[in-house]
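Notes for the one structure printed next.
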Amino acid sequence: MSTALSTHSSEPRAAAKVPSKVPAAENTLRILKLLASRRGPMAASQIASSLDLPRSSVYHLLGVMEANGFVLHLHEEQRYGLGISAFELSSAYSRQEPLSRLGRPLLASLVDAIGESAHLAVLHGRDVLYIVEERAKNRPSLVTDVGVRLPSHLTASGRAILAALPKSQVRALYPNAAAFSARHEVEGAIMKYSSLSSHLDRVRQRGYATEHGEVTPGFGSIAAAVTDHTGWPTAAVAVTFLEDKLAPEEWPALAARVQKAADELSVRIHGRPTK
């Protein structure tokens, strides 16, 4: 499973094989995608080298993009970063809720196939925020309704997302014991960073996350991360069920179905499935 931001251009290889009829437009998008994949601003020379473009073309495109607010030139550093117009596009993406729209039919198909309830969640600070719930027929209502926030370290969805983050990011989210909380007294509860770190290592090894009664006694969950084109976790797909209705040896098969749905959603948002 990839857990770090890519340091290379993520453009499809096929794009380099077929000459574009609008190279300026294509190269503008390539520059924006490259800047979005980096942790900080880049020098124009770095952009030109990374994308194998003439420096003169890069400077010309950056000038147009700067004039329209899509990049910001940091004069003291002689580097370029994303501008306010790029941020506005990101905000518009959030407002239009494409992740929910793309994820809902996949969750509905998953629920039809397995007969258990499913949900889609995103990370919000140290919590997970549930943005889609598909309840299976004749299954009880769950606390993981749309709009509900729960501590990420308690939930399968949160653990799947945390496991796909860099360890330094997880540590920043959980700097001390005060960052941990519990809803119920359960054996092996995760209440300190060392326990969380060990648990996330196991999630990375098997490729999916689980939860046993930490959210609601008697209910278990299995989740897998949805990742973008850099491998960064944008969400998690999870299913929840009565634990006494599913034998432990059946969990891996169910996890494979959940992983498949998460991978399909990753592809739909032009991301990449987990390995």
- [ ] Mind running side-chain contact (heavy atoms from CB on, under 4.5 Å) on Leu150 and Asp127 for me, showing each step along the way?
- [x] CA-CA 5 Å; Leu150 291 174; Asp127 295 339; over 6 Å; no
Open item on the list: I'd like to know if the side chain of Ser50 and the backbone of Gln46 have a donor-acceptor N/O pair within less than 3.5 Å.
Closed with: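 Such a contact is found between Ser50 side chain and Gln46 backbone.
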Task: Polar side-chain atom of Glu250 near backbone of Ala247 as donor-acceptor pair, under 3.5 Å - done: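 Yes.
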Heavy atoms, side chains only, cut-off 4.5 Å: are [X] and [Y] in contact?
X      : Y      : value
Arg268 : Pro105 : yes
Phe70  : Thr28  : no
Val239 : His119 : no
Val143 : Val215 : yes
Leu165 : Leu123 : yes
Leu154 : Arg183 : yes
Val170 : Tyr193 : yes
Tyr59  : Pro54  : no

- [ ] Kindly indicate, with the supporting measurements, whether the criterion side-chain contact (heavy atoms from CB on, under 4.5 Å) is fulfilled by His124 and Val128.
- [x] CA-CA 5 Å; His124 191 275; Val128 284; over 6 Å; no
- [ ] Mind checking side-chain hydrogen bond (donor to acceptor under 3.5 Å, both in side chains) for Tyr174 and listing every partner two or more places apart, or none if nothing turns up?
- [x]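 Tyr174 satisfies side-chain hydrogen bond (donor to acceptor under 3.5 Å, both in side chains) with Ser152, His153 once adjacent residues are dropped.
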TODO: Could you tell me whether Lys167 and Asp201 have a side-chain N and a carboxylate O separated by less than 4.0 Å?
DONE: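 So Lys167 pairs with Asp201 through a salt bridge.
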Could you check whether [Y] and [X], counting side-chain N and O atoms only, form a donor-acceptor pair closer than 3.5 Å?
X      : Y      : value
Asp263 : Gln259 : yes
Thr240 : Ser221 : yes
Glu243 : His212 : yes

Open item on the list: Check the orientation of His73 and Tyr80. Use parallel for under 30°, tilted for 30 to 60°, and perpendicular for over 60°.
Closed with: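 His73 and Tyr80: parallel rings.
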- [ ] Only counting residues at least two apart or in another chain, list the ones meeting side-chain contact (heavy atoms from CB on, under 4.5 Å) with Lys192.
- [x]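 Listed in chain order: Ser194, Ser195.
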Task: side-chain contact (heavy atoms from CB on, under 4.5 Å) between Tyr130 and Asp145, intermediate numbers included - done: CA-CA 6 Å; Tyr130 293 91; Asp145 201 355; over 6 Å; no
Task: Val226 and its side-chain contact (heavy atoms from CB on, under 4.5 Å) partner, picked from Leu265, Val267, Ile161 - done: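 Single side-chain contact (heavy atoms from CB on, under 4.5 Å) partner of Val226 among Leu265, Val267, Ile161: Leu265.
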- [ ] Using the side-chain contact (heavy atoms from CB on, under 4.5 Å) rule, pick out the option among Leu72, Leu82, Ile31 that qualifies with Met65.
- [x]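 Testing Met65 for a side-chain contact (heavy atoms from CB on, under 4.5 Å) against Leu72, Leu82, Ile31 leaves exactly one candidate, Ile31.
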- [ ] Could you go through the salt bridge (Lys or Arg N to Asp or Glu O under 4.0 Å) check for Arg159 and Glu211 one step at a time?
- [x] CA-CA 9 Å; Arg159 293 168 181 176; Glu211 173 260 316; over 6 Å; no
TODO: For the pair Leu246 and Trp251, evaluate side-chain contact (heavy atoms from CB on, under 4.5 Å) and give the outcome as yes or no after the intermediate values.
DONE: CA-CA 7 Å; Leu246 190 71; Trp251 285 50; 3.7 Å; yes
Rounded at 0.5 Å granularity, tell me how far [atom1] in [X] sits from [atom2] in [Y].
X      : Y      : atom1 : atom2 : result
Phe241 : Ser117 : CZ    : OG    : 11.5 Å
Arg149 : Leu129 : CZ    : CG    : 5.0 Å
Arg38  : Thr230 : CZ    : OG1   : 11.5 Å
Thr144 : Phe219 : OG1   : CZ    : 9.5 Å
Arg101 : Leu99  : CZ    : CG    : 12.0 Å
Leu254 : Leu110 : CG    : CG    : 7.5 Å

For [X], look at atom [atom1] and say whether over 12 heavy atoms of other residues, nucleotides or ligands are found less than 6.0 Å away.
X      : atom1 : value
Arg171 : CZ    : yes
Asn176 : CG    : yes
Arg126 : CZ    : yes

Minimum-distance pair of heavy atoms, taken over all atoms of [X] and [Y]:
X      : Y      : value
Ala262 : Val237 : CA-CG2, 4.0 Å
Leu106 : Ala261 : CD1-O, 4.0 Å
Ala121 : Ser157 : CB-CB, 4.0 Å
Ala209 : Ala156 : CB-O, 3.3 Å
Ala24  : Leu61  : O-CD2, 4.0 Å
Ala48  : Arg55  : CB-CG, 3.9 Å

Task: Identified salt bridge (charged side-chain N to carboxylate O under 4.0 Å, His left out) counterpart of Glu116 within the set Arg135, Arg139, Lys137 - done: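 Among the candidates, only Arg139 passes.
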